[in-house]
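Comments concern the structure below.
In what follows, chains carry the letters A, B, and so on, assigned in the order in which the sequence lines appear, proteins first and then strands, with residues in each chain numbered from 1.
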Number of protein chains: 2
Amino acid sequence: VPARNPPSHHRGIAHRGPREDRGVIAERILKIARASFAEQGYAATTLRSVARDADVDPALISYYFHNKSGLLDAALVPPHAWTDRLAAAAATPIADRGAHLVRCLIVSWEDDPVAAEFHRAAILTAAHEPIALQRLAANFATHILNAVSARIDDDERLLRASLASTQMVGLAITRYIWQAGPIATLPRDDVIRTIAPTIQRYLNGPLHV
Amino acid sequence: VPARNPPSHHRGIAHRGPREDRGVIAERILKIARASFAEQGYAATTLRSVARDADVDPALISYYFHNKSGLLDAALVPPHAWTDRLAAAAATPIADRGAHLVRCLIVSWEDDPVAAEFHRAAILTAAHEPIALQRLAANFATHILNAVSARIDDDERLLRASLASTQMVGLAITRYIWQAGPIATLPRDDVIRTIAPTIQRYLNGPLHV
């Protein structure tokens with residue numbers, strides 16, 4: 001016996017039951033929730049407003065995500081395609097890793113609308129919500145950390161990953177969110193060629209030149 | 001004869017007339033306005049709500065800033081101390097300019113509460129308001145542009161300034177707004193030593209390594 005039943009509103013519709021459609025409906029709810037957390041903020045977002053915009057019963061959101069905090073947690077789980085690409089970039093030969101990480105960022109923002117929408121919402125939400133920020137920062141840092149050689153001591157590895165993050169975040173915000181200046185329209189191969197050496201130095205180059 | 005009179009509410013108070021106190025009152029209004037634009041957004045900010053929070057007559061805000069667009073314009077004028085420091089950094093010998101620009105950013109965020117409050121509000125406002133972003137990006141780019149050698153052709157100068165901005169913006173957001181990872185607590189001299197070489201390469205080093 002499950003601890004909680006699906007809301008009665010949905011129980012009767014056999015061919016659209018929450019079990020079958022869970023993936024599709026949950027993703028629609030999460031998409032609305034991400035946009036709302038980003039634009040309205042966490043405090044102004046309610047299960048009711050998300051339910052209305054997603055055209056589902058509020059009880060279904062409670063059933064899927066428990067409460068608003070659970071909804072935020074789920075909204076901040078990065079898409080698998082993004083984390084898979086990041087892991088692949090972090091596993092390339094160390095000498096090429098700067099370029100692979102920059103390319104990975106570009107592909108996710110430019111060729112993968114789901115990842116791009118996730119990044120945009122996550123960055124805007126993080127600006128205001130400390131809980132969102134901590135979740136995202138921890139997640140991102142773990143992946144970048146994997147790109148730093150394991151043969152370096154822990155403090156320096158963490159610092160190098162953090163330095164690489166400053167450039168990755170700055171590139172994403174200026175090119176994709178602010179879309180300001182020549183960096184916004186620079187061909188992607190030029191972005192990789194100019195930014196990769198910075199990431200590469202942070203990963204395994206001399207920290208003080 | 002001035003085109004517009006101060007609101008009658010204030011006209012009678014001789015020792016606190018808007019003429020004498022204009023600087024102080026305007027600054028109080030702008031501080032409230034900046035916080036509101038950053039936290040509530042441009043659309044949700046009203047002259048009335050700013051007036052209430054600043055404890056002044058709404059007519060005084062109209063008198064000083066004309067309308068909401070004028071209030072945003074005024075709120076986004078960077079503090080003189082910041083632009084003066086940036087201009088000074090851009091005028092140092094080219095070989096030291098990367099370090100001076102990073103130091104300038106650190107001093108403004110850590111030693112100058114007025115500039116820090118301005119930066120924070122401007123970055124948060126820019127995330128949502130294209131008009132704010134364009135104003136800020138143009139302003140910032142002009143100053144960074146001055147740090148790039150005038151002997152380089154215009155397209156490359158603009159690109160180099162834009163690249164430097166990606167790292168400056170990424171540093172500011174991760175260290176001061178997100179306060180995430182080791183970069184948030186790294187001693188300022190270490191920040192300068194590790195980040196300056198990146199800015200320096202963007203200013204006058206080889207763009208493709």
Does [atom1] in [X] sit with more than 12 non-hydrogen atoms of other residues, nucleotides or ligands closer than 6.0 Å?
X: D153(B); atom1: CG; answer: yes
X: R135(B); atom1: CZ; answer: yes
X: H208(B); atom1: NE2; answer: yes
X: I131(B); atom1: CD1; answer: no
X: R120(B); atom1: CZ; answer: yes
X: K31(B); atom1: NZ; answer: no

State the [atom1]-[atom2] distance between [X] and [Y], to the nearest 0.5 angstrom.
X: L163(A); Y: T194(B); atom1: CG; atom2: OG1; answer: 4.5 Å
X: Q179(A); Y: L133(B); atom1: CD; atom2: CG; answer: 8.5 Å
X: I123(B); Y: I173(A); atom1: CD1; atom2: CD1; answer: 8.0 Å
X: M168(A); Y: T174(B); atom1: CE; atom2: OG1; answer: 13.0 Å

Go through the atoms of [X] and report whether side chain, backbone, both or neither lie under 4.5 Å from a heavy atom of chain A.
X: A44(B); value: neither
X: I183(B); value: both
X: L136(B); value: neither
X: E39(B); value: both

Give, as side chain, backbone, both or neither, the part of [X] having an atom under 4.5 angstrom from any heavy atom of chain B.
X: I192(A); value: neither
X: A38(A); value: backbone
X: F140(A); value: neither

| Side chains of R201(A) and T198(B) in contact at under 4.5 Å (non-hydrogen atoms) |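 Yes, at least one pair of side-chain atoms sits under 4.5 Å.
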| task | For the residue pair W178(A) and T166(B), establish whether any side-chain heavy-atom pair is separated by less than 4.5 Å. | result |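 W178(A) vs T166(B): side chains apart.
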| field | Pairs of heavy atoms under 4.5 Å with chain A: top-ranked of G181(B), A126(B), A137(B) | value | A126(B)
